[in-house]
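Everything numeric in this text was worked out from a predicted model, so none of it was measured. The sequence lines fix the lettering, A, B, ..., with proteins before strands; numbering per chain opens at 1.
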Number of protein chains: 2
Amino acid sequence: MKEIKDEKELHSYLEQHQLTNIFNDHLKEHAVLCEFEQGERICTQGESARFLYVHVSGKIKVYTTSQDGKILILSFKQPLEIIGDVEYVNGAELLNTVEATSTKVKMIRFDFEWLKKHGNDDAAFLLFLLDIIAHKFYRKSTAMSFNLMYPVEVRLASYLLSVSALKEHTFTDRLDWLDLKDVANFIGTSYRHVNRIIKQFCMEGLIEKNKGVIVIKDRAGLQIMAKDNIYEQ
Amino acid sequence: MKEIKDEKELHSYLEQHQLTNIFNDHLKEHAVLCEFEQGERICTQGESARFLYVHVSGKIKVYTTSQDGKILILSFKQPLEIIGDVEYVNGAELLNTVEATSTKVKMIRFDFEWLKKHGNDDAAFLLFLLDIIAHKFYRKSTAMSFNLMYPVEVRLASYLLSVSALKEHTFTDRLDWLDLKDVANFIGTSYRHVNRIIKQFCMEGLIEKNKGVIVIKDRAGLQIMAKDNIYEQ
DNA sequence: ACTTAGAAAGGACATATGTCCCTTCTTTTT
DNA sequence: AAAAAGAAGGGACATATGTCCTTTCTAAGT
């Protein structure tokens, strides 16, 4: 991680994401723009949280690891995302690990102490946090119900649709979201089983696959398979 | 549902749960104490939310239903619980259905409109909401990871431990949390399978069961089975 | 182009879980 | 107490998913 001491750039990011009114001048004063390498961790599950991060550029993934080493990927995210919000509010240790999956991941960092001093009496800031966390809860809630109620083929169909709905410019950008190992860990199943279902989808004519590249052939069919559920990215 | 027009009682509940400082005088002005019958719905999934409820007495369950009729119970709750908080913040329709599972379930009701007028600039109220929602997110998050990563025997062991940790006065109070149909819908599996695992636990000497009453025989063994996870109620 | 290391895919089998329906137990009614 | 209705439990089989290991493909190095 390196700190980028460029106030201009920092403020341009804030404006780009309409955050200038969210963080008051006191808060902005101590904001730091950080850049992370691909593969670098922004924060690690189990450690104590000291910073709130506003993810403004690049791609990240959020995952959790169980005692016995199982990995569950909770989300692949692009901006705008907030990291550390829940921990800021409840004071608990970090729930998940966050890792940069593209180069030049940029985050605006705020120190918890400073936020407490100058943000906890600021309704705009608190409403912003509320909105973020409520939205996270909403997604988590629907995702959990969905995961618990439907088998892998439904979840995978839903996942494929959600990826195809992304507004990615280039073709290779899309591929980032389709590493089957990651997909398995996201859906909460084994790589083997994802493979099995992928093959089944191919045979049913829902998708096609060449050299690891998956193309949707029958969107309507996939939607039926997904029972109209789509993971919100 | 009937409204109880008894300011004394309402305020005694607020005090009991240390909420007097959370809701300012404006907000309290329009608070209404409501009582629900056993089996009555406090709110219904899919409808638009208009009220924030503070659950102060009795027992409730929260569940969601899928398009094809599957039921997933999200929690069995005793006070203190807040209903409608997420919907208040994000304006979406109700995510879940909430139902009274005991007689005389009491809730303090606040109108969204009134809250917006007199609460959204009140840091104490906003911090309270933040705390509640962050905590809900935390529980949901750990529950989802747990559910996705472990098989039913682990989840059931965890559930049994969590129920045994409840501070219920009477014996019959405990039974409320052990209807196996409900347990199955909570864990996200079939009644048949819960039964199977219960029997397995009996054979392994972890629990005993007589006429539908389950008694824990080997807490340490259950904890190992649960891999130290416990559902937070 | 050949070799080889590593990634991706798949076969075989074991386990976990769901569905359907029959049996057994409980409770209520007569 | 006998009978009947309903709840709870369980058998048998089908499906979903996990584990382990082999095979196939891909890409890098020579």
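Between B:Phe186 and B:Tyr159, the ring planes lie tilted relative to each other; the angle falls in the 30° to 60° range.
Taking the six-membered ring for Trp and the full ring otherwise, the centers of A:Phe137 and B:Phe137 sit at least 6.0 Å from each other.
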Q. Reading nucleotides 6-16 of chain D from the 5' end, what letters show protein touch, with B for base, S for backbone sugar-phosphate only, - for no heavy atom under 4.0 Å?
A. --SBBBB---S
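With salt bridges taken as basic N to acidic carboxylate O contacts below 4.0 Å, none links B:Glu153 and B:Arg155. Salt-bridge formation is detected for the pair A:Glu9/A:Lys106: a Lys NZ or Arg NE/NH1/NH2 atom is positioned less than 4.0 Å from an Asp or Glu carboxylate oxygen.
The side-chain contact (heavy atoms from CB on, under 4.5 Å) test with B:Leu206 is passed by exactly one of B:Arg219, B:Gln200, B:Lys217, B:Met225: B:Met225.
End-to-end axis angle of the helix from C:dA1-D:dT30 to C:dT30-D:dA1, from C1' rotation axes over five pairs per end: 20° (rounded to 10 degrees).
Distances shown here put a side-chain N or O of A:Thr189 below 4.0 Å from the OP1 or OP2 atom of D:dG18.
Take B:Asp68 and apply the side chain to side chain contact (heavy atoms under 4.5 Å, CB included) test, not counting sequence neighbours, and it matches A:Tyr150, A:Lys227, B:Ser66, B:Lys70.
The cationic atom of A:Lys61 (NZ for Lys, CZ for Arg) does not lie both less than 6.0 Å from the six-membered ring centre of A:Phe76 and within 45° of the ring axis.
The distance from atom CD1 of A:Ile197 to atom P of C:dG10 is 13 Å, rounded to the nearest whole Å. Computed from coordinates, the A:Lys70 NZ to D:dT17 P distance equals 15 Å when rounded to whole Å. The distance from atom CD1 of A:Ile198 to atom P of C:dG10 is 10 Å, rounded to the nearest whole Å.
Side-chain N or O atoms of B:Gln38 include one that pairs as donor or acceptor with a backbone N or O of B:Thr101 at under 3.5 Å.
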